[in-house]
A.B. asks: 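Right, I'll just put the structure down here and ask away after.
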Amino acid sequence: MRGTAWLEARLGEGPQQLGQIWIAGGALRHIDDRDAAEGSLAPLADLAALRETVKTDDGGNFRPLRGAPTLRRGWRSPILAAPALARWLNVLYPGALAFAELGGALPVTPFEETARRQTGMYRLLHAATPEQARRTIEEVCDAGCLRQRLWSGGPARAEGLPLLCPEACNYFVGRCRESLAAARA
Amino acid sequence: MTIIGGPSTKRQKGPFGKFRKPGLFSKGPPHSRIPPSCRAPAPTPPWSSPGTAPPSTPTPAGPTYRHADLLRESGLFAEVHECFWKEEPNFRHVLEGVDAPRVYVVPDFISSGYFTEEVIPRELGLSGPVTRRGEQEIYYCEPVGLHPAMTGVLLERAAEVTAGAPPDPARTALFLIGHGTGLNDNSTKVVYEQAARIRERGPYAECHAAFMEQAPFIKDWRETTALPHVIAVPFFIADGLHSYEDIPVLLGMTENVREHGFRNPHPIGGRTLWYASAIGTDPRIAEVVLAQVENFDARHGVA
Ligand code: SF4
């Protein structure tokens, strides 16, 4: 997986933070559990268990955005070698390691292009104005995502390793469509 | 959809075909060789446990994750990724995370249509069956539902749901249930095709294609067949509203499948009905993904 070598190099420098994750000693846990006793954290056995954990927040609400700062606490991963760590992190923050490794070579897509590409029920986005896009950015990205928007010059919002967003995600596209549809109705 | 980067150095050529490892996905007692993490889901989704709210958007991604996990654990490929339209990881940027120089893309879809023909190629930047992208070659395979191996998966699923007390096949009708909106003729076609294949093989006295929203309607199953035993298998890629709620009602079942799971059989109007979960949840779909990769290699002369 792309990003594995990059991760290994970062871990060679010491423990790291990625979004709400603390990576130390080959294992992952929530950043707020950084100092928790190992025995107080529930061990997650595999990727399937991790997926269940990232699926909902503390209130049991579905987390449509993996970049949302609503990750559950109270768990720990097994001690993993770099390739497996990369796979676990890819469940927590899909694409993050690959995007970070690509760095300047990561293609960035402006919103207009993303909007123009849409078909079917998302064709509505062809009519999105910069103002509507800006409002969705406020509501969706600024209010609920730790990733750094490269496609509209957003600030770095997360501490630690870069958590990049090279293009408006499908959740954003869906929410933008909803507000366009509502404005039409 | 499953993205496979590979093959890995462990790729084997052997009596089971070049991607097969003996015993990996082969037949056996139900799910016996499937790692626990990949077994069929508990019938009750976690969010329906007391005290938790339902998700705002239930997603059908679960089976795809399990098939991908199975393929990962098989070690046949250097990398296995999964990606989705409405859920992360999204289609759009998944290829950026693939290191392997040769990438197979296998849609975990029941048929070809808008998504497999338009959305996936667009989002992944595919220009045809073979796309070159820098150092990478990307091979776009057919959706799992189109592979002839699906026939075997359907029959094994039918055998499994009736395993407790197998009915006399000579007095049993198998129904394959599709959605059938008329929006996508292809999805209707694959249900008919599979039913025809099963009739040719002839393990049951009858096999019918039936649909939720078009004739022949599944709600009319009691008119479609006069046989006393009926097995119904939804030809869907994931369980959800249709397989948990709509189809059971159309079949005349009174049980709450979402709460109680797929318990069988159901006595209905003097007949016996066995009802299976969506075929796409079957762990053997991982084997069909492999079969689509082999199929691609054979059709496009990939060595
Ligand atoms: S588009 Fe916004 S919400 Fe979506 S991943 Fe990027 S920053 Fe997060």
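Given the structure is predicted, the values throughout are model-derived calculations rather than measurements.
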A.B. asks: With side-chain contact (heavy atoms from CB on, under 4.5 Å) as the criterion, how do A:L102 and B:E96 come out once you've worked through the C-alpha distance, each side chain's angles and the decisive distance to 0.1 Å?
C.D. replies: CA-CA 8 Å; A:L102 285 167; B:E96 265 120 37; 3.7 Å; yes
A.B. asks: Mark yes or no for whether B:Y114, through its side chain, and A:G120, through its backbone, hold a donor-acceptor pair below 3.5 Å.
C.D. replies: yes
A.B. asks: Side-chain contact, heavy-atom cut-off 4.5 Å: A:R2 with B:E79?
C.D. replies: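 They are not in side-chain contact.
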A.B. asks: Measuring only between side-chain heavy atoms, which start at C-beta, is A:R117 closer than 4.5 Å to B:R92?
C.D. replies: yes
A.B. asks: Please check if atom CD in A:E38 has more than 12 non-hydrogen atoms from other residues, nucleotides or ligands closer than 6.0 Å.
C.D. replies: no
A.B. asks: Heavy-atom cut-off 4.5 Å, strictly under: side chain, backbone, both or neither for A:T109 against chain B?
C.D. replies: side chain
A.B. asks: Determine which residues belonging to residues 167-180 of chain A lie within contact range of chain B, meaning some heavy atom pair is under 4.5 Å apart, and list them by number or answer 'none'.
C.D. replies: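 A:E167, A:C169, A:N170 fall under the 4.5 Å cut-off.
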A.B. asks: Given B:E88, which partner from the list A:K55, A:R147, A:R51, A:R66 fulfils the salt bridge (charged side-chain N to carboxylate O under 4.0 Å, His left out) test?
C.D. replies: A:R147
A.B. asks: Please classify the contact between A:E101 and chain B as side chain, backbone, both or neither, with a heavy-atom cut-off of under 4.5 Å.
C.D. replies: neither
A.B. asks: Heavy-atom distances under 4.5 Å only: say whether A:L97 touches chain B with side chain, backbone, both or neither.
C.D. replies: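 Neither part.
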A.B. asks: Within a 6.0 Å radius of atom CG on B:L241, are there more than 12 heavy atoms belonging to other residues, nucleotides or ligands?
C.D. replies: yes
A.B. asks: Can you tell me if A:E13 has over 12 outside heavy atoms packed within less than 6.0 Å of its CD?
C.D. replies: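 Buried by this count: over 12 neighbours within 6.0 Å.
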A.B. asks: Would B:R122 and A:T119 count as a side chain to side chain donor-acceptor pair (under 3.5 Å) here? Give the steps.
C.D. replies: CA-CA 10 Å; B:R122 180 189 79 208; A:T119 55; 2.7 Å; yes
A.B. asks: With a strict 4.5 Å heavy-atom criterion, list every residue of residues 82-94 of chain A that contacts chain B, or say none.
C.D. replies: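 From residues 82-94 of chain A, the residues near chain B are A:R87, A:N90, A:P94.
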